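Nothing here was measured: the structure is a model prediction, and the numbers come from that model.
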Amino acid sequence: MSQPIVIASLAYKGTKHKGRGTGRPALKALLKYFQYRDRENNRRARAHRIERWQDHGLGRHYSEILRQCEALQSKHVLAWTWVISPAPDLMALVPAPERRDLLCDLTERVVEDYHTARGLDVPEYSFVLHSARTRPKDGEPARDHLHTHVVLPGTAPSSAERLPVYNNADKGHDRLFREVAAQRFAEMLDDRGIDWRRLRPEPAIPRDDRGEIDLDAYFGR
């Protein structure tokens, strides 16, 4: 199996505090980690060159995001936390000045396209970009490792009342999420004329005549 072009993962914090790593205290600690962990971006934020959080309705500070998640929680989910992490060797093919904007754009597209494919309105969300360094391995050099942490509430807006959002592996939601992320990243590399397929095969996603993701084929219905 080839190495994926992007790692996209889903996790959540439940509404109940059942010990370490659960409930509101765990979400608060995680949000503080997201906000302050990345030293490079913290320096850039203090110099007012970037915003720590990219706010799409959920907030620009961990305390505001926490309050919003509490207000918009579902019965079981206080917040969803996503990671979108393009492969460092493929991001290295992108000119360095363009990488941050590409990843922010990718994150926004994945959030929007995933919910649209599920037939859901796009909820409020915020995300932070972290930078790290990979460890040298098998003769490969250390590389920049850019990734985003996305926070979303447990519900999504609708025309009537807010709807609970659940991401279930047995219904193929996690697979859909990964495939949407891979497809969008592939398209963005293609748009820039980057020759990345020599390093990875192109991901395949079933699509209908309009070019939209064919959910029936996708979920095997």
Check whether any side-chain N or O of His17 sits under 3.5 Å from a backbone N or O of Pro25 as a donor-acceptor pair, and report yes or no. no
Going by the angle between their ring planes, with limits at 30° and 60°, are His61 and Tyr36 parallel, tilted or perpendicular? perpendicular
Is there a side-chain contact between Arg67 and Ser63 (heavy atoms, below 4.5 Å)? yes
In this structure, would Phe127 and Val122 fall into the same cluster of hydrophobic residues linked by side-chain contacts under 4.5 Å? yes
What distance do Ile65 atom CD1 and Asp55 atom CG have between them, rounded to the nearest 0.5 Å? 7.0 Å
Less than 3.5 Å apart, any donor N or O on the side chain of Gln68 or Glu64 sitting next to an acceptor on the other? no
Atom CG in Leu30, atom NZ in Lys13: separation rounded to 0.5 Å? 6.0 Å
Side chain to side chain, Leu106 and Pro86, heavy atoms closer than 4.5 Å: yes
Criterion side-chain contact (heavy atoms from CB on, under 4.5 Å) on Arg100 and Leu102, from CA distance to verdict: CA-CA 5 Å; Arg100 178 184 172 85; Leu102 183 151; over 6 Å; no
Here the gap from Glu70 atom CD to Lys28 atom NZ, rounded to the nearest 0.5 Å, amounts to 10.0 Å
Return the CD to CG distance between Gln183 and Leu176, rounded to the nearest 0.5 Å. 11.5 Å
So Val165 and Val77, do their side chains get closer than 4.5 Å, heavy atoms only? no
Validation row, ring centre Phe177 to ring centre Trp82 under 6.0 Å: yes
Should the ring pair His147 and His149 be called parallel, tilted or perpendicular, given that the plane angle runs from 0 to 90° and is split at 30 and 60? perpendicular
Strictly by modelled atom types, are Ser85 and His145 linked by a side-chain donor-acceptor pair under 3.5 Å? yes
Does atom OH of Tyr12 have more than 12 heavy-atom neighbours, drawn from other residues, nucleotides or ligands, at distances under 6.0 Å? no
Going by distance alone, is a donor N or O of one side chain under 3.5 Å from an acceptor N or O of the other, for Ser74 and His76? no
Determine whether Leu103 and Leu129 make a side-chain contact, defined as any pair of heavy atoms from C-beta on separated by less than 4.5 Å. yes
Would you confirm whether Gln35, through its side chain, and Tyr62, through its main-chain N or O, come within 3.5 Å as a donor-acceptor pair? yes
Using only atom types and a distance under 3.5 Å, with no angle test, would you say the side chain of His173 pairs donor to acceptor with the backbone of Asn168? yes
Val83-Leu31 co-clustered via ILVMFWY side chain contacts under 4.5 Å: no
At their closest point, which heavy atom of Leu58 faces which heavy atom of Ser126, and how far apart are they? CB-OG, 3.4 Å
Going from CG on Leu120 to CD on Glu112, what distance comes out if it is rounded to the nearest 0.5 angstrom? 13.5 Å
Is there a side-chain contact between Leu66 and Arg24, using heavy atoms and a 4.5 Å cut-off? yes
Output the distance between atom CZ (Phe34) and atom CG (Leu27), rounded to the nearest 0.5 Å. 8.5 Å
Would you mind listing every side chain to side chain donor-acceptor pair (under 3.5 Å) that reaches into residues 152-167, with sequence neighbours excluded? Tyr114-Asn167, Arg118-Asn167, Glu124-Arg162, Thr155-Arg162
Arg99 side chain vs Val94 backbone, donor-acceptor pair below 3.5 Å: yes
When you check the gap from the basic side-chain N to the acidic O, do Asp190 and Arg197 get nearer than 4.0 Å? yes
Show the numbers, then the answer: is there a side-chain contact (heavy atoms from CB on, under 4.5 Å) between Val150 and Ile84? CA-CA 8 Å; Val150 190; Ile84 300 175; 4.3 Å; yes
Starting from the C-alpha separation in whole Å, work towards a yes-or-no answer on side-chain contact (heavy atoms from CB on, under 4.5 Å) for Leu146 and His130. CA-CA 6 Å; Leu146 295 174; His130 280 187; over 6 Å; no
With the 4.5 Å side-chain cut-off for hydrophobic clustering, are Leu93 and Ile7 part of the same group? no
Would you please name every residue forming a side chain to side chain contact (heavy atoms under 4.5 Å, CB included) with Pro123, sequence neighbours left out? His115, Leu152, Pro153, Ala156, Pro157
List the steps, then state whether side-chain contact (heavy atoms from CB on, under 4.5 Å) holds for Thr148 with Val128. CA-CA 6 Å; Thr148 53; Val128 291; over 6 Å; no
Would a 4.5 Å heavy-atom cut-off, applied to side chains only, mark Arg109 and Met188 as touching? yes
